Amino acid sequence: MTGMSWSPGSWRNYEARQQPDYPDPAALAAATRELEAYAPLVRLIEIDALRAALAQAQAGRAFLVQGGDCAESFAEFSPENIAANSSLLAAISDRLSEASALPVIRIGRMAGQFAKPRSVAMEVQGGTALPAYRGDIVNGIAFDAEARKPNPERMFRAYAQAAATLARLGPNFYTSHEALLLPFEQALVRRESRAFASSAHFLWIGHRTAFEGSAHVEFARGLANPLGLKCGPGLSAQTLLRLLDRIDPEAEPGRITLVARMGADRVAEALPPLIEAVTRSGRPVLWACDPMHGNTLRTAGGTKTRPLEAIFAELKAFFAIAGPRAGGIHIEMTGRHVTECTGGERRLTEADLADRYHSHCDPRLNPDQAMELAGLVARELAKRVPVAA
Ligand code: PEP
Ligand code: CO
């Protein structure tokens, strides 16, 4: 199958994990047909500009800051939220730009980050089993049968919210999300001089769908967009190189960002072999650190959280291991003063989490915690700036 030519729908010949089971296939087909006629959310010219900027980062002449919600939601959509999230991303970027004397590329996990992979397909509560919540583009978070039924009509609201968010973000931000919900992504592929995903500037392949034979890998390989690939602790160097051959056969500058999300306790053992193998291959890639997803745990009461100490430990290890190749960060944060991650200067404890826990998915850094993280990264980057004699 690997020899087959690419088309926006060629992923259907591969193994598509993490897809909802739509109860009404005709309604899904009708919805995607309608989306095929919609205007592109982003333009090829902007996608090309981002690829060029990321090529600069690969060469050490820029740094990447990618961040935003784990999952955007329909309920949390407001101009205030967009402003708060984008100002926080801008503040982090400014801090890092100042510390590194480099331009910082800002990519929001915004304007389309609606679909979530789940570790289990069904959620059981009090003896009732319902489909897991897969993000607002798929179904509702409320634990009732109607809300949890995957509904393709939700794609229209996701499209509209993404368009409205993009309109407010202005030209200083690129947008990104995990290219998870393949029927939606396929419907938004557009062709100009090349085929591109018009749902965002930058798309990434998540940890759970980054494997050989993956439909998500097949979908991504034909797109002009710059691509992220999450690298978890189970990924071997050999598999990574084969995935890169597949999604970036031309070794195109700016195309690939490898987002390491190993966990503080695994990074020292899991990351070096990947960096060594990719470096030896001579491929241009950008190495970024996602210090969030390998450091998630549950409290005794069952709340998902992330200790800042673990997040910071992974970041420091990343900078120590990658050295001058450390080219970016990928974080989950919000401009609202939530209490979802523990630790930090305000010493949030597990007991504080209940105060303002609003995430629809993973625990995010609040603005204080995000700026503290920016301080740590700024100190790492400042070490690199040559001191004038
Ligand atoms: C995410 O970025 O929200 C996510 C699910 O990450 P990963 O695929 O790395 O687990
Ligand atoms: Co997440």
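Values in this document were obtained by computation on a predicted structure and should not be read as measured data. One-based numbering, in listed order, for ligands and for the atoms of each.
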Does anything in residues 292-325 pair up under ring pair (Phe, Tyr, Trp, His ring centres under 6.0 Å), and if so which pairs, sequence neighbours excluded? none
Going by side-chain hydrogen bond (donor to acceptor under 3.5 Å, both in side chains), name the pairs with one or both residues in residues 22-34, residues two or more places apart or in two chains. Glu34-Tyr38
Counterpart residues, side chain to side chain donor-acceptor pair (under 3.5 Å), relative to Ser87 (two or more places apart): none
In degrees, rounded to 10 degrees, what angle do Asp362 atom OD2 and His293 atom NE2 make at the Co ion (ligand 2)? 90°
Would Lys304 and Glu332 pass as an ion pair if we require N to O under 4.0 Å? no
With respect to the Co ion (ligand 2), please indicate if Cys361 possesses an N, O or S atom at a distance under 2.8 Å. no
Where the Co ion (ligand 2) is the centre, what is the SG-to-OE2 angle for Cys70 and Glu332, rounded to 10°? 100°
Measure from NZ or CZ of Arg154 to the centre of the six-membered ring of Phe74, then state whether that distance is under 6.0 Å and the direction lies within 45° of the axis. no
Salt bridge check: are Arg109 and Glu178 linked by an N-O gap of less than 4.0 Å? no
Using a cut-off of under 3.5 Å, which N/O atoms of ligand 1 pair up with protein N/O atoms, and what distance separates each pair?
from: ligand 1; atom 1: 2 (O); to: Arg109; atom 2: NH1; distance (Å): 2.8
from: ligand 1; atom 1: 2 (O); to: Arg109; atom 2: NH2; distance (Å): 3.3
from: ligand 1; atom 1: 2 (O); to: Lys230; atom 2: NZ; distance (Å): 2.9
from: ligand 1; atom 1: 2 (O); to: His293; atom 2: NE2; distance (Å): 3.3
from: ligand 1; atom 1: 3 (O); to: Arg109; atom 2: NH2; distance (Å): 2.9
from: ligand 1; atom 1: 3 (O); to: Lys116; atom 2: NZ; distance (Å): 2.7
from: ligand 1; atom 1: 3 (O); to: His293; atom 2: NE2; distance (Å): 2.9
from: ligand 1; atom 1: 3 (O); to: Glu332; atom 2: OE2; distance (Å): 3.0
from: ligand 1; atom 1: 6 (O); to: Lys230; atom 2: NZ; distance (Å): 2.9
from: ligand 1; atom 1: 8 (O); to: His207; atom 2: N; distance (Å): 2.8
from: ligand 1; atom 1: 9 (O); to: Lys230; atom 2: NZ; distance (Å): 2.8
from: ligand 1; atom 1: 9 (O); to: Arg261; atom 2: NE; distance (Å): 2.7
from: ligand 1; atom 1: 10 (O); to: Arg208; atom 2: NH1; distance (Å): 3.2
from: ligand 1; atom 1: 10 (O); to: Arg261; atom 2: NH2; distance (Å): 2.9

Would you call the rings of Phe219 and Trp6 parallel, tilted or perpendicular, taking 30° and 60° as the class edges? tilted
